[in-house]
Colleague: 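One structure follows; several queries about it will come next.
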Amino acid sequence: MSTLSDEELAYFSDVFAPEDDSTDNSLAKHSLSVATEIPQVLAHILGNAKLTLLAEISYYQLWFPLTLKQDDLGQFSPQLGVPEVIDMRGGERSWRLEHVKNIKVMDNDSAKYVEVLSLSSSGMTIKVPQELNAKMPHLTQLILPNGVHLDMVFEPVRTENGIMAAKISAEGESREMLRQFLFSEHKAKYSHLYKNINR
């Protein structure tokens, strides 16, 4: 972990400041730090981020890719990317959206649609059609409820009772859009955790 100067961190002091410091409820407590070393489990998800801003909200860690740009006057302009949401209950893992609706995967080889049952930025579970090869990685398109198509590769991990668990990997813009979708879903599902955060 590394800290920035007071001037650099001043920008962040208002971003995630709780409105009421008197609350002793652990679900409402937030903390903020800047990291120069990204945990190995997040490195492939966050891409080439060199700095991250870590916000802790209840049982969740939000890892924001952070870039600092300096203008002509030497002033720093921090730019936050879309965060990766990590669920800390039972170990570190990407937060998983359960009971998803209107999300499908189209296998590029068979051009068949597959129903997605759960989704995170690093994995998913799907209903397995019989014609799907459960042994090899697949190039697919993830189709979000708003109709956006994201290119990704999924690699089967295990199949049981017609349900496959798979690792997924998306690059570039597809990775950003997936992270944005999951972050929006997390904020909607746990809006009570975000209501005391000034943005």
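Residues take their numbers from the sequence shown, with the count starting at 1. Please read all numbers here as calculations on a predicted model, not as lab measurements.
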Colleague: Determine the minimum heavy-atom distance between Trp95 and Glu185, stating which atoms define it.
Modeller: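 What the structure gives for the nearest pair is CH2-C, 4.0 Å.
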Colleague: In chain order, what residues pass the side-chain hydrogen bond (donor to acceptor under 3.5 Å, both in side chains) check against Gln180, with sequence neighbours excluded?
Modeller: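 Once residues adjacent in sequence are excluded, the partners of Gln180 under the side-chain hydrogen bond (donor to acceptor under 3.5 Å, both in side chains) criterion are Ser184.
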Colleague: Mind checking what makes side-chain contact (heavy atoms from CB on, under 4.5 Å) contact with Lys187, not counting sequence neighbours?
Modeller: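 For Lys187, the residues satisfying side-chain contact (heavy atoms from CB on, under 4.5 Å) (neighbours in sequence not counted) are Phe183, Tyr194.
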Colleague: Return the set of residues passing side-chain hydrogen bond (donor to acceptor under 3.5 Å, both in side chains) with Thr125 (not counting sequence neighbours), or none when no residue passes.
Modeller: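 By the side-chain hydrogen bond (donor to acceptor under 3.5 Å, both in side chains) rule, Thr125 matches Ser118.
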Colleague: Can you list the residues that meet the side-chain contact (heavy atoms from CB on, under 4.5 Å) rule with Ser120, with sequence neighbours excluded?
Modeller: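 In terms of side-chain contact (heavy atoms from CB on, under 4.5 Å), with neighbours along the sequence ignored, Ser120 is linked to Ser94, Arg96, Ser122.
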Colleague: Looking at Lys167 and Glu155, is any side-chain nitrogen of the basic one under 4.0 Å from a carboxylate oxygen of the acidic one?
Modeller: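 Judged by the 4.0 Å cut-off on N to carboxylate O distance, Glu155 and Lys167 do not form a salt bridge.
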Colleague: Could you walk me through whether Phe64 and Glu84 pass side-chain contact (heavy atoms from CB on, under 4.5 Å), step by step?
Modeller: CA-CA 7 Å; Phe64 291 84; Glu84 173 66 21; over 6 Å; no
Colleague: Got a sec, which residues hit salt bridge (Lys or Arg N to Asp or Glu O under 4.0 Å) with Asp87, two or more places apart in sequence or on another chain?
Modeller: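 Per chain and number, Asp87 pairs via salt bridge (Lys or Arg N to Asp or Glu O under 4.0 Å) with Arg89.
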Colleague: Find the distance between NZ (Lys127) and NZ (Lys104) and round it off to the nearest 0.5 Å.
Modeller: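 The distance works out to 11.5 Å.
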Colleague: Is it true that a side-chain atom of Arg158 and a backbone atom of Ala165 form a donor plus acceptor pair closer than 3.5 Å?
Modeller: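 No.
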Colleague: When rounded to the nearest 0.5 angstrom, what is the spacing between OG1 in Thr159 and CD1 in Ile126?
Modeller: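 The distance works out to 8.0 Å.
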Colleague: Could you list the residues that satisfy salt bridge (Lys or Arg N to Asp or Glu O under 4.0 Å) with Glu98, not counting sequence neighbours?
Modeller: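 None.
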Colleague: What distance do His186 atom NE2 and Arg179 atom CZ have between them, rounded to the nearest 0.5 Å?
Modeller: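 If we round to the nearest 0.5 Å, His186:NE2 and Arg179:CZ are 14.5 Å apart.
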Colleague: Among Val82, Leu53, Leu80, Val85, which one satisfies side chain to side chain contact (heavy atoms under 4.5 Å, CB included) with Leu62?
Modeller: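 Among Val82, Leu53, Leu80, Val85, the one meeting side chain to side chain contact (heavy atoms under 4.5 Å, CB included) with Leu62 is Val85.
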Colleague: Nearest 0.5 Å, please: how far is CG in Asp151 from CE in Met177?
Modeller: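 The distance works out to 8.5 Å.
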Colleague: Using a 4.5 Å cut-off on heavy atoms from C-beta on, say whether the side chain of Phe181 contacts that of Leu119.
Modeller: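 Of all side-chain heavy-atom pairs linking Phe181 with Leu119, at least one is under 4.5 Å.
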Colleague: Measure the shortest side-chain to side-chain distance between Tyr60 and Met88 over non-hydrogen atoms and say whether it is less than 4.5 angstrom.
Modeller: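 A side-chain contact is absent here, since even the closest heavy-atom pair is not under 4.5 Å.
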Colleague: With rounding to the nearest 0.5 angstrom, report the OG to CG distance, Ser121 to Leu182.
Modeller: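 Between atom OG of Ser121 and atom CG of Leu182 there are 6.0 Å.
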Colleague: Flag yes if Leu117 and Leu178 sit in one hydrophobic cluster, no otherwise; membership is Ile, Leu, Val, Met, Phe, Trp, Tyr, and two members link when side-chain heavy atoms are under 4.5 Å apart.
Modeller: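 They do not share one cluster, since no chain of ILVMFWY contacts under 4.5 Å joins Leu117 to Leu178.
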Colleague: Donor-acceptor pairs under 3.5 angstrom involving side-chain atoms of residues 140-147: please list them, not counting sequence neighbours.
Modeller:
residue	atom	partner	partner atom	Å
Thr140	OG1	Met152	O	3.3
Gln141	OE1	His149	ND1	2.7
Asn146	OD1	Val148	N	3.1

Colleague: So, taking the atom named CG in Leu97 and the one named NZ in Lys189, what distance separates them when rounded to the nearest 0.5 Å?
Modeller: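 Separation between the atoms: 7.0 Å.
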Colleague: List the steps and the verdict of side-chain contact (heavy atoms from CB on, under 4.5 Å) for Met124 and Phe154.
Modeller: CA-CA 9 Å; Met124 66 180 176; Phe154 84 86; 3.7 Å; yes
Colleague: Would you check if Trp63 and Ile86 make a side-chain contact, meaning some heavy-atom pair closer than 4.5 Å?
Modeller: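 Trp63 vs Ile86: side chains touch.
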